[in-house]
Asks: 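Here's a structure for you.
A, B, ... follow the sequence lines: proteins, then strands. Residue 1 opens every chain.
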Amino acid sequence: MAAQMDLVEIKRQLCGIEDAQDLDAYTLAKSFFDLKEYDRAAYFLRGCKSQKAYFLYMYSRYLSGEKKKDDETVDSLGPLEKGQVKNESLRELRVELSKKHKAKDLDGFGLYLYGVVLRKLDLFKEALDVFVEATHCLPLHWGAWLELCNLITNKDMLKSLTLPDTWVKEFFLAHMYTELQMIEEALQKYQSLIEAGFSKSTYIISQIAVAYHNIRDIDKALSMFNELRKQDPYRIENMDTFSNLLYVRSMKPELSYLAHNLCDIDKYRVETCCVIGNYYSLRSQHEKAALYFQRALKLNPRCLGAWTLMGHEYMEMKNTSAAIQAYRHAIEVNKRDYRAWYGLGQTYEILKMPFYCLYYYRRAHQLRPNDSRMLVALGECYEKLNQLAEAKKCYWRAYSVGDVERMALVKLAKLHEQLNESDQATQCYIIYIQDVFSCGEILEHLELSTAFRYLGQYYFKSKRYNEAFICAQRCCDYNDAREEGKALLRQISQVRGEADPASTDLSLPFLYGPLSATNTPVRRMSPLNLSSVTP
Amino acid sequence: MASVHDSLYFNPMMTNGVVHANVFGIKDWVTPYKIAVLVLLDEMTVSKCISLLEKRRLNKLILPLLQGPDMTLVQLLKTVEDCCPQLAYAVHLRLHLMADGELKDMESFFDVLPSPFNETESEAHKSSVVGLFMRHMVLAYNKLSFSQVYKLYKALQQYYKSYERKAPLVSDATTDADMEQLAPDGLGRKVEKQDLDLPPSEDDVASTEPLSQKQAEYFLAQQAYFLKNDENKALKPAGLQKELNNMLKFNPDFAEAHYLSYLNSMRVQDVFVSTHSLLHYFDRLILSGSDSKSNGDEGYGRSLRYAALNLAALHCRFGHYQQAELALQEAIRIAQESSDHVCLQHCLSWLYLLQQMKGSDSTVLTEHSVKMAVHFSLPYLASLGIQSLVQQSAIRGKNAKKLINALKDTDILHWKHSMSELIDISIAQKTAIWRMYGKSTMALQQAQMLMNMNSLESVNLGVQQNNTEAFTVTLCHLAELHAEQGQFQAASEILKHLKERFPSNSQNAKLWMICEQKIQFDRALNDGKYHMAESLVSVISALCKTEGLYRKALVLKAQNQTSEAYRVLQGLLIYCEKTKCTEMTIRVMLAIAELYWRSSSHGIVLPLLLQTLALSREHHLQKLASETVLHLAFSQLMLGIPEQALNILHMAIEPILAHGAVMDKGRALLLVAKCQVVTSASVPADQRHQALVVAIQNLEEARSYFDKVDCRDRVRDIFYLQARLYHSLGKTLERNKCAMLFRQLNEELPSHGVPLLTRL
């Protein structure tokens, strides 16, 4: 044990000596490196022995290859050759690094570079192992963790890795959970990190905000972002997500302020372009919005969000073919982008091809099984195709997973109405009304009035005059249903023969109480069975 | 997710957010291989010492060289060497000089190159294939920027070097050469191979070279053609998919590849991938047509309509009728909105096809479709419609004369427009119709006609357009016809041929599979090997449910499980009547009649048989009609009116002997003999003697037929009858001989009581 300690000590000293020997060459090369003259940097580092110099040497060579590759792409011989351009130095780097790796002569940075080279050569499995090794060797290098994150595709893979037990791992796991859409777990991790002493970290705040955005908890996300802006006013990262939130809430002044602010900080950032695009989109200047998204794509063609957003803009401009193209590009960048699939579906729906768009909506639904919007869209398509049974399943499922727009139940009720299934329709309307009132805000008067009107008629027909009376009175609260409400009231009083004006301030026990469960039995169709039409 | 290391390249071909794959109209570019081909062409025009034969060989070689994917120099020189050795050497030398020299050597080559074509006397005319290729290359070369020229020269040097490395082992390295591409980092790779154990996939990829747009188009067109006409010649599904994926990796905008991928996954019945590829193709197509933004005939409105139609076709092929109908409705609606009659017409023909597949009557629709197709002068759709109309009418027993006439008329149309595919289908259809009517000679003649006909399609790369469904159907009929005549050897030869032509994983394989099973089943049943027949039933059921049920009942009947057989047959009868499958209905009714015989209820059988007779006459099914007559006659014989039986037998014996299967012939003659024997009982002795002799002759003939199909069971019966007859004629010697033969057979075969009385 002692001998080993000595060995480590000697090694460290040796490193120190080597570092000192290489210092001049290293400093010179570092200057060249900073000036992006990679070949020159590599040349002056060629004889150096120290780990630091070696890493810089290899990294310069790697970056030089990458730079040349990017230059070549513009200069390639033909369009089909585009994908053929590759970093020529990768193979040589791999050979050298693998020799060093076998001799266990690589430090954390060297391992990291080796992993990057392997990943670039599409050798993902080997790359994964090397990155894991790199994290063990140098746990505080976030780059290696990030690369690891790119290679992990599912939960099981994450579980199977043996990672060093340090605090950085917590960050990594939280990041990973966000990527894998396990938002609850991610939030928990971040919370515990904050409690452990990272309460001032803007990174964590931004991550939490993004996580809230992902689960569509808009209010919380907005407040987190506002907090973030306060602490870190010149931040550009993640601001595109923030602008999406502002867009969804139609907060024009805030978005305008954000756009101008970011533009002042740095015009030529992908995030800035996205924010400005969103700003123009909210102002309905879709051409300009598309222009800015294009600019974002020029800055980074792999920027997924911009492709999708551009698709949305083209949709607004009624340029469906360009929209389809943009969405397809988004899918090419990331097959799991549900918004692009959903957008494609919408495009075809606009082109009046409800059957055709089913496929796209189904894909979107597969990716987000618990998102009611896809289910409602699917239901609408089925309704258009006159596949009412399927449509009913979709709407019911949409309600069960938590309907965002609260339209599923009304649509379901209308379907039942259409099919003369008045009991079910009533049931749906009751749940709908309960839903709307329980959350305190009255979203759409139109649908509420329809619900009351229908309920009034239903109770009147089934001779439950008390309930019908209440509903009719409720109808009178809404402009469009007032006349019918009054007519119904008259009818009721006729039938009863005696008016009972005293009971007007009756509350709606059957609407607010637990009555609904006993009132009419809900027909439970299995909401999961969407596959009967699916090939 | 975008990592720091992802390249941030900007695509110069992107305008308006849309990547135009071919903004400069460049379809081809210069590669080292192309330079080698150019050198070859140049040498060919310059060199004078090529013999005529060599010249011819070289000329044949040129087109594949121009169109095919890039080869390594080793391969190229080898192919050239096979045609003309000295030319190969000359090309080698020129390339050597160019690669070993300097950049200016290549530049001067391109400078000199156009000169031979300026002369009007030149062999390669400006607008010929070769001339166009050369001009393309010169143009592409001139467009290269400085750095690109230098890169090209580097690549050429590498190309040549990789050849030199191989050259010593040229003799045995051709296969190796396939693997070692002209990788610019070839040396590094060599080292690597020794140092590291690379995953094998990296070396397995046959061609990782990107194809130029032209080469890619050629590849796609060729494979699509193969898929349509001769599946065996196309790449294997997995291989083709790999190539396509490769192509799409290099150029994701190459939409046609998606369509081929759709066709390819249809081959392996992969719903998921085929839907995905189809939709992807149309998403892409919509872009390419977006230049003209009109919703009219051109532009993307059109591709939208066809997208929906194609989706309908896809669902139809996979048997998702409900979805197909929905998609079709959509296509029809969009087409109607933009009043695209041609598309509507296509929709209509799919609509009647869909109706047909769902088993409902679509005659009216089909007729309407034909009328409209003629009106819009779409001959292909029109005659397809007529053919499907004829098929339906034939099954529904419409006037045969009219049907054959209609087919004849469409044939004239086909020949006029030289639609060879439809001609093939028409002949196959005629074969099938004749066979259904029970005219085996006519069917045989039609089948032979198709086999011996030269295809109208120009012979393309050794493909004859004869691996289509029409050919499969005809060949299957041919095999069955031969089997019916007891020529099992010939039938199995045909089946073997079918297996070679359509391997069991190809699209049409199902047809011959069921045909083979049926033939084997019939043989096994005739031979009394019921256990074998039973095992075949499950295979047949898997391929065709009704046929399987019918055969199952036959086996049960043969095994004396009467009630079970009756149950199956009754169920089948109801099903067949519902689906209006007359042929099967008649066969089932005959089988039921035979079951009644088992319980000796011959009286009950008569109305059933008369109904059967009426049905088969109505549908012009001569074979089944005569079989019904046989059944009737047998029943009458059993009821003790042999004279009547003989009378109606005369009606059936002629068509049976002319067209019937060997088995039927034998059964008919046996029945005639039986009737003759019975009637002879009531006539004077001298006439009686005469009648018995005739009966013995008939029996003898029947025996020869039964021998042909190995039906030893019945041969035994005949020996028994003959022995008895000889006995009553007093011919002891013959009697003893027959008795001995009977005894021999009787010992070999298991006995099932006295089938003489209960069987036809």
Asks: What option among Gln329(B), His276(B), Glu337(B) has the most heavy-atom pairs under 4.5 Å with chain A?
Replies: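 Result: the option with the highest number of such pairs is His276(B).
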Asks: Please classify the contact between Ile331(A) and chain B as side chain, backbone, both or neither, with a heavy-atom cut-off of under 4.5 Å.
Replies: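 For Ile331(A), neither part sits under 4.5 Å from chain B.
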Asks: Could you check Tyr153(B) against Tyr150(B) for ring pair (Phe, Tyr, Trp, His ring centres under 6.0 Å), going step by step and ending with a plain yes or no?
Replies: CA-CA 5 Å; Tyr153(B) 184 64; Tyr150(B) 184 65; 7.3 Å; no
Asks: Non-hydrogen atoms of chain B under 4.5 Å away: do they reach the side chain of Leu385(A), the backbone, both or neither?
Replies: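 Contact with chain B involves both backbone and side-chain atoms of Leu385(A).
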Asks: Check this for me: does any side-chain nitrogen of one of Arg61(A) and Glu96(A) sit under 4.0 Å from a carboxylate oxygen of the other?
Replies: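 Salt bridge flag = yes for Glu96(A) with Arg61(A).
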Asks: Identify, with sequence neighbours excluded, every residue that meets side-chain hydrogen bond (donor to acceptor under 3.5 Å, both in side chains) alongside Ser261(B).
Replies: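 Scan of Ser261(B) (side-chain hydrogen bond (donor to acceptor under 3.5 Å, both in side chains), adjacent residues dropped) gives Gln241(B), Ser277(B).
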Asks: Examine whether an atom of Leu311(B) lies under 4.5 Å from a heavy atom of chain A, and if so say whether it belongs to the side chain, the backbone or both; otherwise answer neither.
Replies: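 For Leu311(B), side-chain heavy atoms alone lie under 4.5 Å from chain A.
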Asks: Under a 4.5 Å cutoff for heavy-atom pairs, which residue among Tyr327(A), Tyr360(A), Phe293(A) has the most contacts with chain B?
Replies: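 Ranked by contacts with chain B, first place is Tyr360(A).
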Asks: Any carboxylate oxygen within less than 4.0 angstrom of a Lys/Arg side-chain nitrogen, looking at Arg328(A) and Glu332(A)?
Replies: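 The answer is no: the pair does not qualify as a salt bridge.
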Asks: Output all residues satisfying side-chain contact (heavy atoms from CB on, under 4.5 Å) with Gln366(A), sequence neighbours left out; order by chain, then residue number.
Replies: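 If we apply the side-chain contact (heavy atoms from CB on, under 4.5 Å) test to Gln366(A), skipping adjacent residues, the hits are Arg363(A).
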